[in-house]
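Values reported hereafter were calculated over all heavy atoms of this structure, with side chains retained and with hydrogens, waters and symmetry mates removed. Just so you know, residue 1 is the first one in the sequence shown, and it goes up from there. Start at 1 and go down the list; that is how both ligands and their atoms are numbered.
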Amino acid sequence: MRVRLVRREVDADAIGWGADLHPVLQRVYAARGIRCAQEIDHRLATLLPPASLGGLDAACALLADAIERDSRVVVVGDFDADGATGTAVAVRGLRMLGARNMSFRVPNRAVHGYGLTPALVDTIDDADIVLTVDNGVTSVAGVERARERGMRVIVTDHHLPGERLPDADAIVNPNLPGDCFPSKALAGVGVVFYLLLALRAQLHPTGSSDARPDLGALLDLVAIGTVADLVRLDRNNRVLVEAGLRRIRAGKACAGVGALLEASGRDARTTVASDLAYALGPRINAAGRLEDMAIGIECLLADDDATAQERARRLSAINEERRELQAAMVEEADARVAQWLHAHGGAGLPHGVVLFDEHWHPGVVGLVASKLKERLHRPVVACAPAGDAGGEVRGSARSIRGLHVRDVLADVDAAHPGLIDRFGGHAMAAGLSLGRDAIGRFAEAFDEAVRARARPEWFDAVVHTDGELPADAFTLDLAHALRVAGPGGQDFPEPLFDNWFEVESWRLVGGRHWRLALRAQGGKAPIEAMLFHAIDMAEPPQAFRAAFQLDVNEWNGRERLQLILRHLVPE
Ligand SMILES: [Mn+2]
């Protein structure tokens, strides 16, 4: 699929405030809507205060009382990295604030499904208070069951509420209608961190006391959940993530995070946001996809290094299994698409692609859908048997920018009532379940609904860049400055430039990666570059335009400038 490079627009008025910044950095910030130095002030002291977050008073009163009476508090989390880090933050944080009867429960994706369901509540027989993290705002029936059984329920969540709110004792969620908290982008782990900040303020009103627990110790976990959940990195989230990264770099991460970094071969001292996204997040998530997220949470709760290392190795092994499953599934999906194209030509591919295989794993379909979506630039639903006796199929949808995929599913549901059993999600991702015999009709209906909604230009493969890098800006200094300019992530993308290069030499490394020596236009010395997974071409063209990142390559204690080529566009 050919990629079109489009340069991000820069508002000229937004430049000029940072006279001491490298001009390239000024342009990068301006393209991300930063208009003054305060917006890149990521010191923790600038974090938004908890005061305007609704529901905190009621939640803190219940928890303060629970700590006083030694009541039993059960944290109910979620089976993704946000839910797992959030659960660990809740358990650790409440213990730091004096709670002595903490435990946690996490639903199993395959058994219970998402959220505080009545079935999950029925497995809890040791709680005075149930505290949900990263779920619960739509769990009307589960909250009702818990209250019937005599438990008090505190819901903390960041997901959009449904038409009816659960009848909980307290709900903390910046996305409730009428909530005044200025940042709506908090992850589930961020919301529970704010609850702890408010509870500490209540229990230890004088700020300077030595007896005041240091909740900053939880920021490594807050950073991981925030980055892994792909919530928007607005200024407040950047402050949280940057604070967590600083702790990790200073060697102050909790034992589990340290062990996970070690297991993934990362150096804690140079950790950046993308390490959280690509090394830690997947290792934690793998437990929830293939086995049980309790394994991930136990790793994050471990206090001694040996236990943490053992659990981190287990997570790495599960992640390796996930990687293999995913690679095999993507390969099969690719073959299916190639066959499709072969049979029908370029026009043969549906606008909305639905793929199902009897042998696929339901925990990995979301990852397969997102890989395929990247390759095909059209919405993809990947489906697998749910693994239950009823022959149900679980599907995961990933969309292209512009197309609201949950609305597409709602269209299908309206046009063909009963075809889909359940569905939910948001603009870019959704989940659904349906009967096995409905797949064929669903594939047709999904394609039809996508055709009806989508505009042709949405199917273009567009990559946004920060424009050309001047020949004199290919320096190690700038690469260092860009590395810490973030933290980069959702809606605050890592700087990406596009230049014209000539190839001086190249060789294959690791079977499918290219190491190249390139010459930029007007540049004197050749520049080292890497292109990972160069599967589309047998060899590089003589010259090409490429979208690339500046990177610092550290080897044998020496640092060198290196370009990471992301998209290569021969002309
Ligand atoms: Mn979440």
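Scored by the side chain to side chain contact (heavy atoms under 4.5 Å, CB included) test, Lys373 finds Val380, Arg398, Ile400, Met428 as partners (sequence neighbours excluded). Listed by chain and number, the residues in a salt bridge (Lys or Arg N to Asp or Glu O under 4.0 Å) with Arg313 amount to none (sequence neighbours excluded).
Although no hydrogens or angles enter the test, the distance criterion places no donor-acceptor pair under 3.5 Å between the side chain of Arg422 and the main chain of Ser433. Using modelled atom types, one side-chain atom of Arg149 and one backbone atom of Val121 make a donor-acceptor pair closer than 3.5 Å.
Only one option out of Arg43, Arg249, Arg247 pairs with Glu242 in a salt bridge (Lys or Arg N to Asp or Glu O under 4.0 Å); it is Arg249.
A side-chain hydrogen bond (donor to acceptor under 3.5 Å, both in side chains) check over residues 151-162, counting only residues at least two apart or in different chains, returns the pairs Asp82-His158, Tyr114-His159, Asp134-His158, Arg152-Asp169, Asp157-His159, His158-Asp229.
Note on the Mn ion (ligand 1): protein N/O/S atoms under 2.8 Å are Asp82 OD2, Asp134 OD1, His158 NE2, Asp229 OD2.
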